[in-house]
Amino acid sequence: MAKRYWLMKSEEEVYSIRDMENDGVTCWEGVRNYEARNLMRDEMKKGDWVLFYHSNATPPGVAGVVEVSKEAYPDYFAFVTKSKYFDSKSDPDNPRWFMVDVTFKEAFSEVVSLNEIKASPKLKDMVLVKRARLSVQPVTKEEFDAIRKMGKEKK
DNA sequence: GCCAACGTTGGC
DNA sequence: GCCAACGTTGGC
């Protein structure tokens, strides 16, 4: 099965590419949207590459690359009453929410901003540009390669 | 901080 | 099953 490509959003203040680099590996907890969950649970495979996107940032944009290192398993934060991700409707015997683990690959020296992405003819059809509020989304190989190249070319 | 987009909830 | 109210995302 060929590698697939994704984009995942994280609020920069909450968890940035620097945090990701420091941690090396992290679990991607807190996805509470069914479409995003389905992608993580059913489609994401170990070895897939992911664009790490800073939302609520100045500027918002892709900050680096991570790799899926563990496929979907129950998001146990949903069972922790005190967690901000607690969801009483997620039953440990029949979990509603899932997460994956991702491993740090690279940080761009500067983010590839949403403005640059919107301005690029080959990137203007990205899910990121077309749709609001989807924190886990598919990216084509062409889109992934183009953004990674833009990231590497920053000095 | 504002607010548009839009997913979810719950009354009926 | 409809849809208004509500809550959240996320750019600006």
Side-chain angles (χ1 to χ4, degrees), chain A residues 4-23 26-44 48-68 72-102 104-140 142-151 153-154:
Chain A
R4 293 179 67 180
Y5 301 89
W6 308 94
L7 179 147
M8 298 203 296
K9 297 177 185 174
S10 180
E11 288 183 58
E12 186 178 21
E13 274 186 30
V14 175
Y15 196 84
S16 73
I17 194 74
R18 269 85 54 192
D19 298 318
M20 184 73 246
E21 184 167 16
N22 288 336
D23 292 347
T26 193
C27 56
W28 204 264
E29 79 279 9
V31 171
R32 296 290 179 270
N33 168 283
Y34 290 105
E35 189 174 353
R37 177 206 68 184
N38 292 347
L39 291 171
M40 276 203 309
R41 188 190 59 191
D42 305 333
E43 308 288 338
M44 262 189 198
D48 285 357
W49 284 5
V50 181
L51 296 171
F52 190 110
Y53 182 89
H54 282 170
S55 61
N56 280 313
T58 313
V62 176
V65 176
V66 298
E67 180 175 338
V68 177
Y73 58 105
D75 180 346
Y76 52 79
F77 290 80
F79 314 136
V80 178
T81 320
K82 280 185 286 189
S83 168
K84 70 170 178 167
Y85 298 124
F86 174 69
D87 182 354
S88 62
K89 299 195 207 70
S90 189
D91 176 353
D93 292 329
N94 183 22
R96 174 177 294 204
W97 305 115
F98 288 79
M99 59 186 174
V100 297
D101 284 358
V102 294
F104 176 79
K105 281 192 74 73
E106 60 195 34
F108 302 153
S109 52
E110 209 183 309
V111 300
V112 176
S113 72
L114 181 61
N115 277 342
E116 291 173 79
I117 291 169
K118 284 177 174 168
S120 166
K122 80 175 83 150
L123 297 177
K124 67 176 179 22
D125 290 327
M126 284 183 70
V127 177
L128 179 70
V129 177
K130 299 248 150 169
R131 290 198 43 196
R133 321 179 39 175
L134 186 62
S135 66
V136 176
Q137 54 184 257
V139 171
T140 67
E142 292 69 29
E143 290 162 350
F144 182 92
D145 289 344
I147 288 178
R148 193 170 184 216
K149 183 156 177 279
M150 290 161 78
E153 282 168 2
K154 298 197 179 262

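Remember, it's a predicted structure, so these values are computed and weren't measured experimentally.
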Atom-pair distance (CD on A:E12; P on C:dT9), nearest Å: 17 Å
Short side-chain to backbone donor-acceptor contact, A:N33 and A:L134, under 3.5 Å: no
A:W28 ring center near A:F52 ring center (under 6.0 Å): yes
Rounded distance (Å) that lies between atom P of C:dT9 and atom CZ of A:R37: 17 Å
Nearest-neighbour nucleotide for the A:N33 side chain, C:dG11, C:dG10, B:dG7 considered: B:dG7
Atom-pair distance (NE2 on A:H54; P on C:dT9), nearest Å: 17 Å
Nearest-nucleotide 5' precedence on DNA chain C, A:E11 against A:K118: A:E11
A:K130 NZ - B:dA4 P separation (whole Å): 22 Å
Main-chain N/O of A:T140 paired with A:E143 side-chain donor or acceptor, under 3.5 Å: yes
A:D145 and A:Y5: side chain donor to acceptor below 3.5 Å: no
Interatomic distance, A:K84 NZ vs C:dG7 P [rounded to whole Å]: 18 Å
Value in whole Å for how far the C1' atom of C:dT9 lies from CD of A:Q137: 13 Å
Sugar-phosphate only, base, or nothing, as touched by A:R131 at under 4.0 Å among non-hydrogen atoms: sugar-phosphate
First encountered from the 5' end of DNA chain C, between A:K9 and A:R133: A:R133
Out of B:dA5, C:dC12, B:dT9, whichever nucleotide has its closest atom nearest the side chain of A:A132: B:dA5
The single option from A:R4, A:M8, A:M126 passing side-chain contact (heavy atoms from CB on, under 4.5 Å) against A:V139: A:M126
5' priority, DNA chain B, between A:N56 and A:K89 [closest heavy atom]: A:N56
C:dG11 phosphate, OP1 or OP2, under 4.0 Å from A:Y53 side-chain N/O: yes
Nucleotide of B:dT9, C:dC12, B:dT8 approaching A:L114 most closely (side-chain heavy atoms): C:dC12
Whole-Å distance separating the CG atom of A:N38 from the P atom of B:dT8: 10 Å
Atom-pair distance (OH on A:Y34; P on C:dT8), nearest Å: 14 Å
